[in-house]
Amino acid sequence: NAKKPLKDFLHISDFNKATITKILEQAIDVKALLKSGDGTFLPFKGKSMAMIFTKPSMRTRVSFETGFFLLGGHAVYLGPDDIQMGKREETRDVARVLSGYNDIIMARVFAHQDILDLAKYGTVPVINGLTDYNHPCQIMADALTIIEHVGRFEGTKVVYIGDGNNIVHSWLLMASIIPIHFVCACPRGFEPDNATVQKARDAGISKIEIVNDPKEAVKGADVVYSDVWASMGQKEEASYRMERFQGFQIDEALMDLAGPKAFFMHCLPAERGVEVTDNVIEAPNSIVFPQAENRMHAQNAIMLHLFGM
Ligand code: CP
Ligand code: NVA
């Protein structure tokens with residue numbers, strides 16, 4: 001795109017290994033700076049970000065808005081009723097209008113095509129804050145959290161238990177770039193998108209397993225990872241899914257099978273007592289809150305990269 005010298009972040013695989021590594025290193029540095037109370041690093045001074053949300057959010061909204069503010073910028077929240085993208089006006093018009101006022105656009109949408117359209121027609125960098133297909137910012141924050149707690153990211157065994165959803169697609173794309181052992185244990189019929197699994201396997205970088213037995217899957221895990229069984233937009237299927245996902249709850253017995261070094265992670269929001277028990281999410285090896293906090297630090301570094309800073 002000749003109009004747009006700076007890049008978008010729509011999928012983990014938009015970045016190569018060197019870029020992911022650089023972003024994670026910068027996230028650690030900027031996190032340390034912010035934690036030290038140093039208020040002098042203001043690279044986003046004079047910059048504005050438009051944040052489009054067609055779905056609810058706590059982490060994504062607050063981590064982007066606060067992170068952008070802490071680095072000197074100003075963020076504008078546009079909720080589901082504000083611009084009614086695709087309804088009040090077309091996505092390609094929204095993209096061009098918002099590009100006229102802002103230096104960067106972040107969006108959380110239903111259809112993945114909507115984020116592709118925002119990026120295609122926008123003239124400023126566009127960041128994917130979750131679509132029905134993927135959630136790349138989450139998995140960048142997860143990688144940062146694994147580095148901090150396990151001591152490394154490469155070569156770790158990450159076992160996801162549950163629905164083969166947007167989170168899994170971003171894990172698969174991460175595994176197509178960074179060598180890890182990624183296992184998704186899901187009920188039959190809830191496997192991740194086949195083309196994405198194939199892409200990850202074809203990359204030949206990581207060991208990828210898509211299985212149906214959580215007990216076998218978790219053995220030797222560095223991380224046992226969970227997400228809701230019914231994602232945003234699927235809530236009317238919740239009771240049907242509840243039946244189909246029996247046996248996939250992460251409880252203490254499953255964490256024991258995983259072994260003593262396993263951490264528990266969850267992108268949140270969690271439904272305690274459904275995909276994970278209260279005991280597991282409250283256990284000392286649960287790192288869900290540092291994981292949530294790292295959304296801000298990972299995204300700050302992603303934005304610095306997109307601005308070429
Ligand atoms: N994990 C995550 O994206 O949370 P929100 O839906 O609250 O933004
Ligand atoms: N899979 C979940 C992730 C929420 C952050 C959803 O899409 O609702």
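Computation of the quantities below employed the complete heavy-atom set of this structure, encompassing side-chain atoms and omitting hydrogens, waters and symmetry-equivalent molecules. All residue numbers in this chain count up from 1 along the given sequence. On a predicted model such as this, the values are computed, not experimentally measured, just so you know. Counting starts at 1 for both ligands and their atoms, following the listed order.
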- Has Arg61 got its NZ or CZ under 6.0 Å from the middle of the six-membered ring of Tyr77, at an angle within 45 degrees of the ring axis? yes

- Message: Does the structure place the NZ or CZ of Lys47 under 6.0 Å from the centre of the six-membered ring of Phe307, at an angle of no more than 45° from the ring's axis?
- Response: yes

Protein heavy-atom partner closest to [atom] - residue, atom, separation in Å:
atom	value
atom 8 (O) of ligand 2	Met232 N, 2.8 Å
atom 6 (O) of ligand 1	Arg108 NH1, 2.7 Å
atom 7 (O) of ligand 1	Met58 N, 2.6 Å
atom 3 (C) of ligand 2	Asp227 OD2, 3.6 Å

- Query: Just distances here: any N/O of Arg59 and N/O of ligand 1 closer than 3.5 Å?
  - Reply: yes

- Message: Regarding ligand 1, does Met232 bring an N or O atom to under 3.5 Å of one of the ligand's N or O atoms?
- Response: no

Just wondering, do [Y] and [X] contact through their side chains at under 4.5 Å, heavy atoms?
X	Y	result
Ile287	Phe264	no
Met106	Ile52	no
Asn128	Cys137	no

- Can you sort out which atoms of ligand 2 are near Asn166, meaning under 4.0 Å from one of its heavy atoms? 1 (N), 2 (C), 6 (C), 7 (O)

- Task: Output yes when Glu236 and Arg241 qualify as a salt bridge under the 4.0 Å nitrogen-oxygen rule, no when they do not.
- Result: no

- Before accepting this row, confirm whether a basic side-chain N of the pair Lys55/Asp132 lies closer than 4.0 Å to the acidic partner's carboxylate O. yes

- Query: With a 4.0 Å cut-off on heavy atoms, is Lys55 touching ligand 1?
  - Reply: no

- Message: I'd like to know whether ligand 1 has Leu268 as a neighbour, heavy-atom separation below 4.0 Å.
- Response: yes

- Contact partition for Arg295 relative to ligand 1, non-hydrogen atoms under 4.0 Å: side chain

- Message: Just to verify, which of Leu78, Asp117, Ile83, Asp114 counts as forming a side-chain contact (heavy atoms from CB on, under 4.5 Å) with Val94?
- Response: Ile83

- Query: Using 30° and 60° as the class limits, which term best fits the ring planes of Phe263 and His149: parallel, tilted or perpendicular?
  - Reply: perpendicular

Proximal atoms of ligand 1 relative to [X] (non-hydrogen, under 4.0 Å):
X	result
Ser57	5 (P), 6 (O), 7 (O), 8 (O)
Cys267	1 (N)
His135	2 (C), 3 (O)

Backbone or side chain, does any N or O of [X] fall under 3.5 Å from an N or O of ligand 2?
X	result
Arg108	no
Ser231	yes
Leu130	no

- Task: Return yes when Leu268 approaches ligand 2 closer than 4.0 angstrom through a heavy atom, no otherwise.
- Result: yes

- Query: Which atoms form the tightest heavy-atom contact between Ile208 and Arg201, and what is the distance?
  - Reply: O-NH2, 3.4 Å

- Message: Can you tell me which residue among His297, Gln291, Arg295 is in a side chain to side chain donor-acceptor pair (under 3.5 Å) with Glu293?
- Response: His297

